Amino acid sequence: MTDSKATRLDRENTGGGAEVAVLTLAHPPLNLFDRAMLDALAADFAELSAKPPRALLLRAEGKVVSGGVDVHVFDGLTEEQGAELWQTLFAQIIHPIEALPCPVVFAAHGLTLTAAFEIALACDIILAAPRAKFGLVETVVGLTPSMGGPQRLAERAGSGRAREFVMTGDLYDAATMADWGVVNAVHDDVDAAARALAHRLADGPTKAHAATKRIIEAWRSGGVAHADSVTPEVSGALFATEDLRGAVRSFLEVGPGKATYSGT
């Protein structure tokens with residue numbers, strides 16, 4: 001990894017020996033989503049997909065999470081090139097985040113605009129600092145958010161809130177986002193809280209967490225009936241894992257809450 005890379009991907013171990021990946025936006029001063037940032041993230045998620053950790057934390061360095069997309073990325077694109085751009089970003093960033101078989105936590109410590117917020121919405125859990133602000137402000141260049149932000153915001157907050165958020169292009173604070181159910185929790189030291197949560201989840205039954213993600217994805221794509229139809233197979237497969245077998249033995253022998261998990 002060179003000093004010029006727009007992101008930094010580290011892997012660290014929890015106290016229980018589980019691996020947590022920490023992906024940091026490190027593209028000062030604004031962590032803008034220019035071509036270098038987009039290419040770096042695509043490479044990072046290719047690596048994470050090839051070798052998944054047991055939890056992933058997404059965070060940023062600097063005063064802001066991101067000032068948004070560098071508008072040079074859009075300059076001169078044809079209709080076909082614009083569509084290809086979004087298809088590529090879904091394929092290389094958004095969908096790989098959601099497909100990771102582990103919990104993904106996003107930490108927002110400050111201003112989080114456009115692509116950065118759309119990436120946050122693809123994560124499992126969003127934590128924010130009280131001073132964090134969020135916006136999908138693509139209207140300033142005559143665009144709508146196109147990395148999945150409107151639909152994923154609608155899923156969390158409702159379609160009316162999503163229309164308001166996108167059409168006004170206003171900024172919304174962390175407390176409002178928590179009230180809407182978009183942000184899971186607000187913490188004064190969000191970086192520490194997010195890292196602690198990622199470590200806690202990594203030390204847990206990550207095979208079960210992956211199953212949870214698959215069941216919720218089935219609900220997202222086909223509703224309750226579809227989720228019900230896949231649950232027996234998805235959950236049934238957990239009975240072949242050492243995590244479930246060991247946790248059941250631990251529960252019967254010493255009571256709840258004492259099991260350790262290896263992710264197998």
Side-chain angles (χ1 to χ4, degrees), residues 6-10 20-34 37-38 40-41 44-45 48 53 55-70 89 93-94 96-98 100 102-138 145 147-157 161-162 164-166 168-202:
T7 61
R8 186 174 68 251
L9 180 58
D10 301 306
V20 175
V22 181
L23 177 53
T24 301
L25 306 184
H27 195 33
L30 295 176
N31 291 322
L32 289 180
F33 281 71
D34 56 13
M37 175 73 85
L38 295 172
L41 286 170
D44 290 332
F45 285 113
L48 288 164
L56 170 63
L57 169 62
L58 273 71
R59 58 180 298 278
E61 290 181 347
K63 294 181 65 175
V64 303
V65 175
S66 176
V69 176
D70 185 337
L89 295 179
I93 297 177
I94 300 300
I97 292 172
E98 294 177 325
L100 284 172
C102 66
V104 183
V105 179
F106 191 96
H109 68 275
L111 184 66
T112 306
L113 295 184
T114 66
F117 187 36
E118 293 187 279
I119 287 173
L121 290 166
C123 297
D124 298 309
I125 298 172
I126 304 173
L127 303 184
R131 64 183 179 277
K133 291 185 182 295
F134 302 85
L136 296 173
V137 297
E138 285 84 350
M147 287 174 64
Q151 53 268 44
R152 286 163 178 77
L153 183 60
E155 180 188 17
R156 292 175 184 248
R161 294 293 194 192
E164 171 195 336
F165 195 99
V166 173
T168 64
D170 289 341
L171 300 183
Y172 293 77
D173 61 27
T176 300
M177 290 288 93
D179 286 343
W180 287 10
V182 177
V183 165
N184 294 83
V186 179
H187 296 275
D188 289 332
D189 189 345
V190 68
D191 204 60
R195 192 176 296 268
L197 177 59
H199 279 233
R200 172 188 168 190
L201 294 171

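Treat the numbers as computed from the prediction; the structure is a model and nothing was measured.
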With side chains defined as the heavy atoms from C-beta onward, is the minimum distance between [X] and [Y] less than 4.5 Å?
{"X": "V182", "Y": "T176", "result": "no"}
{"X": "L23", "Y": "L41", "result": "yes"}
{"X": "I119", "Y": "F33", "result": "yes"}
{"X": "V166", "Y": "P145", "result": "yes"}
{"X": "V20", "Y": "L201", "result": "no"}

Can you name the residues that form a side-chain hydrogen bond (donor to acceptor under 3.5 Å, both in side chains) with E61, not counting sequence neighbours? R8
Value rounded to 0.5 Å, distance of [atom1] in [X] from [atom2] in [Y]:
{"X": "D34", "Y": "H27", "atom1": "CG", "atom2": "NE2", "value": "3.5 Å"}
{"X": "L48", "Y": "L56", "atom1": "CG", "atom2": "CG", "value": "5.5 Å"}
{"X": "D44", "Y": "T7", "atom1": "CG", "atom2": "OG1", "value": "3.5 Å"}
{"X": "L58", "Y": "L25", "atom1": "CG", "atom2": "CG", "value": "7.0 Å"}

Kindly write out the residues that satisfy ring-ring contact (aromatic ring centres under 6.0 Å, His included) with F134, not counting sequence neighbours, or none if the list is empty. F117
Test: R161 and E164 ion pair at under 4.0 Å: yes
Take a 6.0 Å sphere around CZ of R200 and say whether it holds more than 12 heavy atoms from other residues, nucleotides or ligands. no
Closest approach of [X] to [Y] (non-hydrogen atoms, all atoms of both residues):
{"X": "A21", "Y": "L9", "result": "CB-CD1, 4.3 Å"}
{"X": "L57", "Y": "A194", "result": "CD1-CB, 3.6 Å"}
{"X": "A108", "Y": "A132", "result": "O-CB, 3.6 Å"}
{"X": "A162", "Y": "L153", "result": "CA-CD2, 3.9 Å"}
{"X": "P53", "Y": "C102", "result": "O-CB, 3.5 Å"}
{"X": "A122", "Y": "I94", "result": "CB-CG2, 4.0 Å"}

Can you sort out the partners of L30 under side-chain contact (heavy atoms from CB on, under 4.5 Å), two or more places apart, ordered by chain and number? L32, V64
Please list all pairs passing the salt bridge (Lys or Arg N to Asp or Glu O under 4.0 Å) test where one or both residues lie in residues 102-111, with sequence neighbours left out. none
What's the verdict on side-chain contact (heavy atoms from CB on, under 4.5 Å) for I126 and L121, showing C-alpha distance, side-chain angles and the deciding distance? CA-CA 8 Å; I126 304 173; L121 290 166; 4.3 Å; yes
What pairs meet the side chain to side chain donor-acceptor pair (under 3.5 Å) rule with one or both residues in residues 103-131, with sequence neighbours excluded? D124-K213
According to the side chain to side chain donor-acceptor pair (under 3.5 Å) rule, which pairs have a member within residues 178-198, sequence neighbours left out? E12-R195, R59-D191
Tell me, with the steps shown, if V183 and Y172 meet side-chain contact (heavy atoms from CB on, under 4.5 Å). CA-CA 11 Å; V183 165; Y172 293 77; over 6 Å; no
